[in-house]
Trainee: 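Right, I'll just put the structure down here and ask away after.
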Number of protein chains: 2
Amino acid sequence: MATIQDVARRAGVGVGTVSRVINNSPLVSDTTRARVQAVIDEIGYRPSTVARALSLGHSSIITVVAPFLTDPSVVLRLRGVASVVRESEYDLVLYDVEAPEQHAARLDDAIYGGRSAAVIVMSLAASGAIAQKRESSKVPLVWVDRRIDGVPCLTIDDHEGGRLAARHLLELGHRHIGFIGDRPDERFGFTSGDDRFAGFCEEIAASGLAVPGGYVRRVAHGMEDAATAMGELLALPDPPTAIFATSDLIAYGAIEAARARGVRVPGDLSVVGFDDIAMSAHIGLTTVRQPLFESGSRSAELALAMLAGDDVDTTAEWDLPLELVERSTTGPHR
Amino acid sequence: MATIQDVARRAGVGVGTVSRVINNSPLVSDTTRARVQAVIDEIGYRPSTVARALSLGHSSIITVVAPFLTDPSVVLRLRGVASVVRESEYDLVLYDVEAPEQHAARLDDAIYGGRSAAVIVMSLAASGAIAQKRESSKVPLVWVDRRIDGVPCLTIDDHEGGRLAARHLLELGHRHIGFIGDRPDERFGFTSGDDRFAGFCEEIAASGLAVPGGYVRRVAHGMEDAATAMGELLALPDPPTAIFATSDLIAYGAIEAARARGVRVPGDLSVVGFDDIAMSAHIGLTTVRQPLFESGSRSAELALAMLAGDDVDTTAEWDLPLELVERSTTGPHR
DNA sequence: TTGAAAGCGTTACCAA
DNA sequence: TTGGTAACGCTTTCAA
């Protein structure tokens, strides 16, 4: 691989001049620039980003830490990040965490090892190490999906999301409404499912109704478990006529289970999901839409702004808007 | 951020010794090691990966270049890569390409800018620059989904995949079989759709039948277009009783369109997809399964092996096995 | 407008 | 078993 030295030698200039050409500094005469550029093109020289980062004291990498690719909603967020990072001078590095505690050290590396210009963390609780050292580091941090003190956060109002779903079902005349949610995940410290449930119950209570304990199910993993849970609910002597599922994937599972038993959706059973992942529009799922793609793109914009030295309010917390999108898995109670 | 110098000073040793401790070289006495380690822990020192990479002459990054996240099949491949890279000492960097020609320069950077220890390219034709410089670089390259001379490739036999689908439909007694495929994508230089079509036609021809031109549709993007195409096919005076779709997404669109018109699947229409993405098992789609996850994990293993200095045959071409998985969207012709 | 040289934080070699 | 020091390839002063 050719180095800046090689270019300098062949062009008959100093390395400083070559550097200036690369970074198009105005302090180079046109003729010199042309000569240097010719050599660069000729030998196909590429500056080493590593050396550059070392010299500059910062890298050109934006690191995303996420339980990535396990869930379509994360993928959609990632697409948002990528769409913004792609247009910048930064590169996108993905750190996927399966079990945060195992990877605390590597995660630490990513954030404090000089590897990242900025870090975006998605759907994870703050690890002790991160929270602790946060102050001492100059690396811009953005948190998506969780609230962390002193770090700009992009969140949604899960509570309100739950209310939205309940209200929709209530307005359709349903009185027997069930709930299938994620089991609270200690690994990642998620509480969003609980919050959605709380909002859901509140709204129902506001109508003078209640959610019977027997109508509530918590499942560990996506569709399969959700289908099983739905089967149990349907086997009840007085089964619910509507279901709020805390993710689209859970909703898919529930619908599948219902249809497999000859229960028509939305004829006999209405189902509302949460997320609005790409597939849901096609399946016609009624769902509480959260701006997944946008949460990604905005987190990247925030990181870029902090990198550019813009004054980003690190105590800010952006609540992204939720919206019930009504499609064809919910209908009036008969 | 603390440096190796700080550690050396505080521990009263030379930087060399600290370096040896970090990289647990045996050439350090136990007492010295303990003392240095104590200082490291105390001040929370993290070696700079950037400086390390510069000194070593290679980074600890495995770069994946892919039209990533646009397609569930790519995501599944990525998961395969991540599962392997996660267990190694390398980090995963994602370069998403929307339009390869626009990003040729940055792609070049990734491969030849000293940024990557190894590069895995997915679902892309070789750009001129890459092919051209390949020889001059020591960076291990692995190609997935395309055949490139001199680079280890992980591919499938698209032709055979087409035959598999046709055979299945033929065996079920179908004689009027339609085809909905991807439009050949010049941007990424894909020909897999054509190959699948060729194999499909051949197998049908072997039965003494033929695929009427009117039964063949090419669509640009996923489900929506596929649904439209299916609608057209269904509107034909003598519509097909079975469809081979060259991707699961296209199959979803076709099924959706059929059901929307009251055409039962598989009662009135059988549909075979291609890929077997995660959702397909749940939807019950009959499809030609290609080992997506495995193609990712194996490409990463290959890259790791080359990095470890193992002698990988760079002329090798691994054809991953295809398999028809029969589920509930195909049935006997009535 | 340019060249020379000092640093950036490591690793690895050479002496001790 | 150690410490000192020359790389690694770049950016950025400082002089000229």
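Scope of the values below: all heavy atoms of this structure, side chains included, with no hydrogens, waters or symmetry mates. Order of the sequence lines fixes the chain letters, A, B, ..., with proteins taken first and strands second; residue numbering starts at 1 for each chain.
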Trainee: Starting from P on dC14(D), measure out to CG on Leu27(A) and report it in whole angstrom.
Mentor: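 Those two atoms, CG and P, are 14 Å apart.
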
Trainee: In this structure, how many angstroms lie between the C1' atom of dC10(D) and the CZ atom of Arg46(A), rounded?
Mentor: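 From Arg46(A) CZ to dC10(D) C1': 16 Å.
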
Trainee: Does dT1(C) have OP1 or OP2 under 4.0 Å away from a side-chain N or O of Thr32(A)?
Mentor: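 Result: no.
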
Trainee: Roughly, in whole Å, what's the span from CG in Asn23(B) to C1' in dA12(C)?
Mentor: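 Asn23(B) atom CG is separated from dA12(C) atom C1' by 11 Å.
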
Trainee: Is there a donor on the side chain of Ser19(A) or the base of dT11(D) sitting less than 3.5 Å from an acceptor on the other?
Mentor: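 Under the 3.5 Å cut-off, the side chain and the base do not form any donor-acceptor pair.
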
Trainee: Over how many whole Å does the gap from Ile4(A) atom CD1 to dG3(C) atom P extend?
Mentor: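 Atom-to-atom, Ile4(A) to dG3(C), this comes out as 12 Å.
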
Trainee: Below 4.0 angstrom from OP1 or OP2 of dC10(D), is there any side-chain N or O of Ser48(A)?
Mentor: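 Result: no.
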
Trainee: So, Glu294(A) and Arg77(A), do they make that salt bridge, N to O below 4.0 Å?
Mentor: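 No salt bridge links Glu294(A) with Arg77(A).
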
Trainee: Considering just the side-chain nitrogens and oxygens of Ser55(A), establish if one lies under 4.0 Å of OP1 or OP2 belonging to dT12(D).
Mentor: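 No, because none of the side-chain N or O atoms of Ser55(A) sits under 4.0 Å from OP1 or OP2 of dT12(D).
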
Trainee: I need the CG-C1' distance between Asp30(A) and dT1(C), as an integer number of Å.
Mentor: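 About 12 Å, once rounded to whole Å.
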
Trainee: Name the nucleic acid region contacted by Gly57(B), choosing base, sugar-phosphate or nothing; use a 4.0 angstrom heavy-atom cut-off, strictly under.
Mentor: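 It contacts nothing in the nucleic acid.
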
Trainee: Closest nucleotide of DNA chain D for Thr31(B) versus for Tyr45(A): which of these residues is on the 5' side?
Mentor: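 Closer to the 5' end of DNA chain D: Thr31(B).
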
Trainee: Closest to the Val15(A) side chain: dT11(D), dT11(C), dG3(C)?
Mentor: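 Side chain of Val15(A) sits closest to dT11(D).
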
Trainee: Tell me the interatomic distance from Arg33(A), atom CZ, to dT1(C), atom P, rounded to whole angstroms.
Mentor: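 So the two atoms are 10 Å apart, to the nearest Å.
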
Trainee: dT1(D) phosphate, OP1 or OP2: any side-chain N/O from Arg20(B) under 4.0 angstrom?
Mentor: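 Answer no for this pair, as no side-chain N or O of Arg20(B) is under 4.0 Å from OP1 or OP2.
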
Trainee: Compare side-chain N and O positions of Thr17(B) against OP1 and OP2 of dT2(D) and report whether any pair is under 4.0 Å apart.
Mentor: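 Result: no.
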
Trainee: Would you mind reading off the distance between Arg35(B) atom CZ and dG3(D) atom P, rounded to a whole angstrom?
Mentor: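 It works out to 8 Å between those atoms.
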
Trainee: Would the distance check show the side chain of Ser48(A) and the main-chain N or O of Ala51(A) forming a donor-acceptor pair, the cut-off being under 3.5 Å?
Mentor: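 A pair under 3.5 Å: yes.
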
Trainee: Remember a base hit wins even if backbone is also touched, and classify Leu56(B) as base, sugar-phosphate or nothing at under 4.0 Å, heavy atoms.
Mentor: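 Sugar-phosphate, no base atom in range.
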
Trainee: Where the side chain of Leu54(B) is defined as all heavy atoms beyond and including C-beta, which of dG9(D), dG3(C), dA7(D) is the nearest nucleotide?
Mentor: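 So the side chain of Leu54(B) is nearest to dG9(D).
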
Trainee: Base, sugar-phosphate or nothing for Val28(A)? Non-hydrogen atoms, less than 4.0 Å.
Mentor: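 Result for Val28(A) = sugar-phosphate.
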
Trainee: Determine whether the side chains of Tyr95(B) and Asp91(A) contain a donor N or O and an acceptor N or O closer than 3.5 Å.
Mentor: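 Checked: Tyr95(B)/Asp91(A) side chains pair up, N/O donor to acceptor below 3.5 Å.
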
Trainee: Starting at CZ of Arg52(B) and ending at P of dA12(C), how long is that distance when rounded to a whole Å?
Mentor: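 That distance rounds to 8 Å.
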
Trainee: Side chain to side chain donor-acceptor pair (under 3.5 Å) with Gln290(A): which of Thr155(A), Asp158(A), Asp275(A)?
Mentor: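 Per the side chain to side chain donor-acceptor pair (under 3.5 Å) rule, the option paired with Gln290(A) is Asp275(A), out of Thr155(A), Asp158(A), Asp275(A).
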
Trainee: For residues Ser73(A) and Asp71(A), is any side-chain donor paired with an opposing acceptor at under 3.5 Å?
Mentor: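 Asp71(A) and Ser73(A) do have a side-chain donor-acceptor pair below 3.5 Å.
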
